[in-house]
Amino acid sequence: MSDEADGYVTEVTYTRHHHPTLDPARAVLAARRAGLEPPSMRHACELGFGQGLSLAIHATASDTEWWGVDVLPQHVEFARSLIDDVAARERLVCASFEQFDALNDLPDFDFIALHGVWSWVSPENRARITAFIDRRLAPGGIVYLGYNALPGWGPALSLRELLVAHARSSDSLQRPLQERIERALEFATQVVACDPKLLASQPQFEKHLRDIRTQKTAYLAHEYFNRDWHPMHFAQVAAELLPLGLTYLGQADYSDSYDQWRLNDAQQALLADIEDPLLRETTRDIILDRRFRRDYWVRSEPATAISSPSRLELRLWVPSAIRSADTETPDAVIEWFRSLGAPGAIVHRSIETAVEHAALGYALGRGWVELVREQILADTQRTPVSTINRRILDRVHHDPEMSVLASHLTGSGVELGWWTLALLAAMRAGLSGEGVVDQVMQQSDRLGLVLSRRGFALTPEEMRDELGFRYADLLARSDEWCAAFVI
């Protein structure tokens, strides 16, 4: 709320999460699907990396040289604390975008990533970002941009303005930010309770308020209470990137790549008749009421139009700890997934048909499969991966946001959840049997965490039984876990 960091919130640190869309290997896959020759991904950079968990994992688990900048010293300190390599730590810089761009030892980057930052900075800082991309992106390089999108954020515009106006009011301004946020939420609840006419034209206003009241303060501070907050239509973003010689490559979120199963026939037919990719994306956002976009842009001429995605030869890993299918999972996806073999397997697979491409996207988005590198590349990262995973597991007992481990097989992170990491940490500490379950129960109680099933919290007895089952499963698959995460 202050003018420090050019209006960006500095009083509260951001949340710690891993974003697979920040993995350069996903961008390489997008380029290959489009029939383009991908860059080598020797140098990568993240602008505004937050807590830097994704950056630290990708810098450690792959052979890509990562750079990054963030304005909060606490963020930089946390990211550096996970990385063992001194040179890699020094490439994470605490500075503004302008100061970072002025460094004289920056390479040309094959991959430049921003997640969320584009929406939370001023137009002047967006201009600095585009100038950085223009100067620093290598020919054939790829930009990842994750940002708040319209029209999906439309109903939240009025709510955000109300929250910020209250937080900046004379009665609140001298209070700590966390208190201002809570008071602003309480005030918005009072506004809704008096039945304003706005609810008739914007019924989502109340629902959005209910939803955000369940969010953590750290998220709300950075999402809603920066001085600048600019959800944008895809066409507006394109207008800023096209002059840089960038071409829209596609969605970075592969779970968003199966229109044949999420759109009705009329919607699919309408989009199929739109030749202009920018108009098609804008129309698709309206159909889906999209709130967040994850886009890849490439500094390259567009590939020759193809009737279907290019054929791919991939190595895929099917982790044991996968999210289960639900009733909405298409039968074609289930059939393709079952063809990969038993959980824990690493398989070679040709991806040729449109259905196979869509099924791959669905499975990648759900975390059912992971892209696997050649073994000779993976082996070089075993030692650093072991180090960063040890440091992550050491934090589990006091940090409920730790939920991912690095894998040298993938060069990225694999989302496992806090409970699995807590069990692994206890096992790594030499505990066994009831001792493992006892420790995790004590830690979860101290952190205020409760297991749930179908939306209902489990009783302590049910939690103990569930953790015992999960521990036994981890024990039975210990060889796979050691092979994938070097723990």
Side-chain angles (χ1 to χ4, degrees), residues 20-21 26 29-36 119 144-157 201-205 207-208 211 231-239 241-242 247-298 302-310 312 323 325-337 351-369:
T21 48
R26 296 288 184 102
L29 178 61
R32 291 176 60 196
R33 290 181 81 232
L36 295 175
S119 305
Y144 163 72
L145 191 63
Y147 59 96
N148 290 339
L150 294 172
W153 272 99
L157 294 175
S201 61
Q202 298 185 32
Q204 290 296 312
F205 185 99
K207 180 182 183 302
H208 195 80
D211 290 344
M232 299 176 74
H233 289 284
F234 174 76
Q236 293 173 302
V237 175
L241 298 183
L242 289 173
T247 299
Y248 178 63
L249 181 59
Q251 279 286 294
D253 181 1
Y254 284 99
S255 66
D256 190 40
S257 63
Y258 42 89
D259 282 355
Q260 63 266 54
W261 298 316
R262 69 187 312 196
L263 303 182
N264 62 39
D265 291 343
Q267 292 166 343
Q268 293 182 54
L270 175 65
L271 293 176
D273 286 339
I274 302 175
E275 295 185 4
D276 185 288
L278 304 185
L279 175 59
R280 184 169 56 248
E281 285 302 306
T282 300
T283 306
R284 190 165 176 268
D285 285 351
I286 291 174
I287 291 173
L288 295 172
D289 193 26
R290 194 191 301 278
R291 292 185 59 191
F292 197 83
R293 286 192 63 98
R294 299 170 176 87
D295 297 340
Y296 287 136
W297 292 80
V298 61
T304 303
I306 51 178
S307 58
S308 62
S310 298
L312 302 174
R323 303 172 188 175
D326 54 40
T327 56
E328 297 180 355
T329 302
D331 292 340
V333 175
I334 296 175
E335 182 180 351
W336 177 84
F337 179 69
I351 307 296
E352 302 181 37
T353 68
V355 170
E356 288 171 338
H357 274 278
L360 171 67
Y362 194 104
L364 281 171
R366 292 293 187 93
W368 293 358
V369 297

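Quick caveat, the model's predicted, so the values are computed rather than measured. For the numbers below, each heavy atom of this structure counts, side chains included, while hydrogens, waters and symmetry mates do not.
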Partners of Tyr248 by ring-ring contact (aromatic ring centres under 6.0 Å, His included), sequence neighbours excluded?
Phe234, Trp297
Mind checking what makes side-chain contact (heavy atoms from CB on, under 4.5 Å) contact with Ala235, not counting sequence neighbours?
Thr282
For Asp331, I'd like to know if atom CG has over 12 heavy atoms of other residues, nucleotides or ligands within 6.0 Å.
no
Heavy-atom closest pair, residues Met232 and Tyr147:
O-CE1, 3.8 Å
Output all residues satisfying salt bridge (Lys or Arg N to Asp or Glu O under 4.0 Å) with Glu281, sequence neighbours left out; order by chain, then residue number.
Arg293
All heavy atoms of Gln251 vs all of Tyr296, minimum pair found to be O-CD1, 4.2 Å
side-chain contact (heavy atoms from CB on, under 4.5 Å) partners of Glu335, counting only residues at least two apart:
none
Side-chain donor-acceptor pairs under 3.5 Å in residues 272-279, sequence neighbours left out?
from: Asp276; atom 1: OD1; to: Leu278; atom 2: N; distance (Å): 2.8
from: Asp276; atom 1: OD1; to: Leu279; atom 2: N; distance (Å): 2.9

Within this structure, what is the CG-CZ distance for the pair Leu271 and Arg280, rounded to the nearest 0.5 Å?
8.0 Å
Applying side-chain hydrogen bond (donor to acceptor under 3.5 Å, both in side chains), name anything that partners Thr21, two or more places apart in sequence or on another chain.
Tyr144
Kindly give the heavy-atom pair with the smallest separation between Ala34 and Leu249, and that separation in Å.
CB-CD1, 3.8 Å
With a 3.5 Å distance limit and no angle check, can you tell me whether Ser119 reaches the backbone of Asn148 through a side-chain donor-acceptor pair?
yes
Results of side-chain contact (heavy atoms from CB on, under 4.5 Å) for Asp265 - residues two or more places apart only
Gln268
For Asp211, enumerate each residue passing the side-chain hydrogen bond (donor to acceptor under 3.5 Å, both in side chains) test, keeping only those at least two apart in sequence or located in another chain.
Lys207
Residues that Leu288 engages under side-chain contact (heavy atoms from CB on, under 4.5 Å), provided they are two or more places apart:
Asp256, Arg262, Leu263, Arg284, Arg290
By ring-ring contact (aromatic ring centres under 6.0 Å, His included), which residues pair with Trp153, not counting sequence neighbours?
His208, Tyr224, Trp229
